[in-house]
There are 2 protein chains.
Amino acid sequence: MDDLKKLQLVFQTLADYNRLGIIRFICEKERSVGEIIKTTKLSQPLVSHHLRVLKENGILETRRKGPFIFYYIKDKKILDAINLFSELFKNSDIKDKTRSKFCSGWISSNYNNKT
Amino acid sequence: MDDLKKLQLVFQTLADYNRLGIIRFICEKERSVGEIIKTTKLSQPLVSHHLRVLKENGILETRRKGPFIFYYIKDKKILDAINLFSELFKNSDIKDKTRSKFCSGWISSNYNNKT
DNA sequence: CATTTATATAAACGTATATTTATATGATAT
DNA sequence: ATATCATATAAATATACGTTTATATAAATG
C-alpha cells in the first residue's frame, strides 16, 4: 500500500460524524465502551463497529480492565493534527482559539490507572 | 452546521484517493484542468467532479486565464495539516521526513503569473 | 454451572457517492 | 457565424459503508 492510500484511509476513518464524536469524547482520557455508548447515545453495536474501525486504522488502542475494555488515543499527536484542521475550517464567525478546538488535550494524570 | 459536522465534511473531502492525488499535484503551483487530467490520467468529467467537490469544501480556489481554468490551494496551511497526517501515518519502514511528505510546499514564485 | 453484564460479530438493509456515458456551456480563432 | 478547444453538468450505474437487528463471545458473580 502506498503512502497516499494510507493517508486516504486515515481521512476516511475520520470522515464520519459519530467517529469524530467518539474521538472527542475519548480524547482527554481513556473510556470504556459503556461510557461511550452512554455519552454518544448511539446503539451498542454501532459504537462497537466505529471503535473497531478506529482501532483498525491506528487511531485508537485498547486495554482490558476486568470485564471492561477501555479505548484511548494511540498517539496524542493525532489530536494535534485534528485540531489543526478544526481551527482551519471552523465555520463560526467568532474565531477564538479556545472555543472551537476539537480537543484541549490528553489529561496525563488519567493515563496511569493500571489494574 | 456545527463545527464537528464541518470537520467531518473536510475529512470526507480528503478521504478520496483521486482527490488526494489532485491536491498533491496542485500543491506546488496552480494547475489547469487539462494539466490535471493529463497527469492523473482520470477522465475529464471525473476530474471536473472532484475539482468541484474540492472547491465547494474550501480546499481549492479557481481563476480563469483565457480559456483555461486554474485551480490552486485556497489556504496553504491546509498543506501543513495534511503533511502532519502524512508524517504520522506513513506506513513505510524508512521514516525519513523528506520522502513521505505529502507536499513539500507551495512555490511562491509561481503564484504571481497574472494575465 | 447458570445467569448476568460487557462487548463483539454477522447478516441484512438503505443510502451516499465515485465513476461512466452523454450532453451542454463558454471561450477562442478562422 | 461556425468550428474547435476547454471545462462543466446531468443522468445512470455500481459499489462502499453506516446503521439496524439478531446472535455470539467473554468475564464476573452467585
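In the text below, chain A, chain B and the rest are named by the order of the sequence lines, each starting its count at 1.
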**Q** If you assign A:Asp16 and A:Pro67 each to the DNA chain D nucleotide with the nearest heavy atom, which residue ends up on the more 5' nucleotide?
**A** A:Asp16

**Q** Taking the minimum atom-to-atom distance to the side chain of A:Val33, which one of C:dT19, C:dG26, C:dT7 wins?
**A** C:dT7

**Q** What's the CZ-P distance between A:Arg63 and D:dA26, to the nearest Å?
**A** 21 Å

**Q** Send over the distance from B:Gln8 CD to D:dC17 P, rounded to a whole Å.
**A** 14 Å

**Q** Does B:Arg52 place a side-chain N or O at less than 4.0 Å from the phosphate oxygens OP1/OP2 of D:dT9?
**A** yes

**Q** Tell me whether the side-chain N/O atoms of B:His49 come closer than 4.0 Å to OP1 or OP2 in C:dA18.
**A** yes

**Q** Mapping B:Thr62 and A:Ala15 onto DNA chain D by nearest heavy atom, which one lands closer to the 5' end?
**A** B:Thr62

**Q** How long is the line joining CG of B:Leu14 and P of C:dA18, in whole Å?
**A** 12 Å

**Q** Just N and O in the side chain of B:Gln12: are any of them under 4.0 Å from OP1 or OP2 of C:dT17?
**A** yes

**Q** Using only modelled atom types and a 3.5 angstrom limit, is any donor from either the side chain of A:Gln44 or the base of C:dA6 paired with an acceptor on the other?
**A** no

**Q** With a 4.5 Å cut-off on side-chain heavy-atom distances among I, L, V, M, F, W and Y, is there a chain of contacts connecting A:Leu84 to A:Leu79?
**A** no

**Q** Do B:Leu4 and A:Phe89 sit in one hydrophobic cluster, given that two such residues count as connected whenever their side-chain heavy atoms are within less than 4.5 Å of each other, even indirectly?
**A** yes

**Q** Spell out, yes or no, whether B:Val53 and B:Val10 are grouped together once hydrophobic residues are joined by side-chain heavy atoms under 4.5 Å, including indirect joins.
**A** no

**Q** Is A:Arg19 close enough to D:dG18 that one of its side-chain N or O atoms is under 4.0 Å from OP1 or OP2 there?
**A** yes

**Q** What about the rings of B:Phe85 and A:Phe85, do their centers lie closer together than 6.0 Å?
**A** yes

**Q** Using whole Å, report how far CG of B:Leu51 lies from C1' of D:dA8.
**A** 11 Å

**Q** What's the closest nucleotide to the B:Phe68 side chain, out of C:dA8, D:dA6, D:dT20?
**A** D:dA6

**Q** Within the 4.0 Å heavy-atom criterion, would you say A:Glu35 contacts the bases, only the backbone, or no part of the nucleic acid?
**A** nothing

**Q** Just how far, in rounded Å, is C1' of C:dT17 from CG of B:Leu54?
**A** 14 Å

**Q** Where the side chain of A:Arg64 is defined as all heavy atoms beyond and including C-beta, which of D:dA27, C:dT7, C:dT19 is the nearest nucleotide?
**A** D:dA27

**Q** Starting at atom CZ of A:Arg31, determine the distance to atom P of C:dT7, rounded to an integer number of angstrom.
**A** 14 Å

**Q** Can a side chain N or O of A:His50 be found less than 4.0 Å away from OP1 or OP2 on D:dT19?
**A** yes

**Q** In whole Å, I'd like the distance from the CD1 atom of B:Ile22 to the P atom of C:dA18.
**A** 11 Å

**Q** Using side-chain heavy atoms (C-beta onward) and a distance below 4.5 Å, is B:Ile59 in contact with B:Lys55?
**A** no

**Q** Can you find a side-chain donor-acceptor pair between B:Lys101 and B:Ser86 that sits under 3.5 Å?
**A** no

**Q** When the distance from CG of A:Leu46 to P of C:dC13 is rounded to whole Å, what number comes out?
**A** 18 Å

**Q** Would you classify A:Tyr71 as touching base, sugar-phosphate or nothing, given that sugar-phosphate means primed atoms plus P, OP1 and OP2, and contacts are heavy atoms under 4.0 Å?
**A** sugar-phosphate

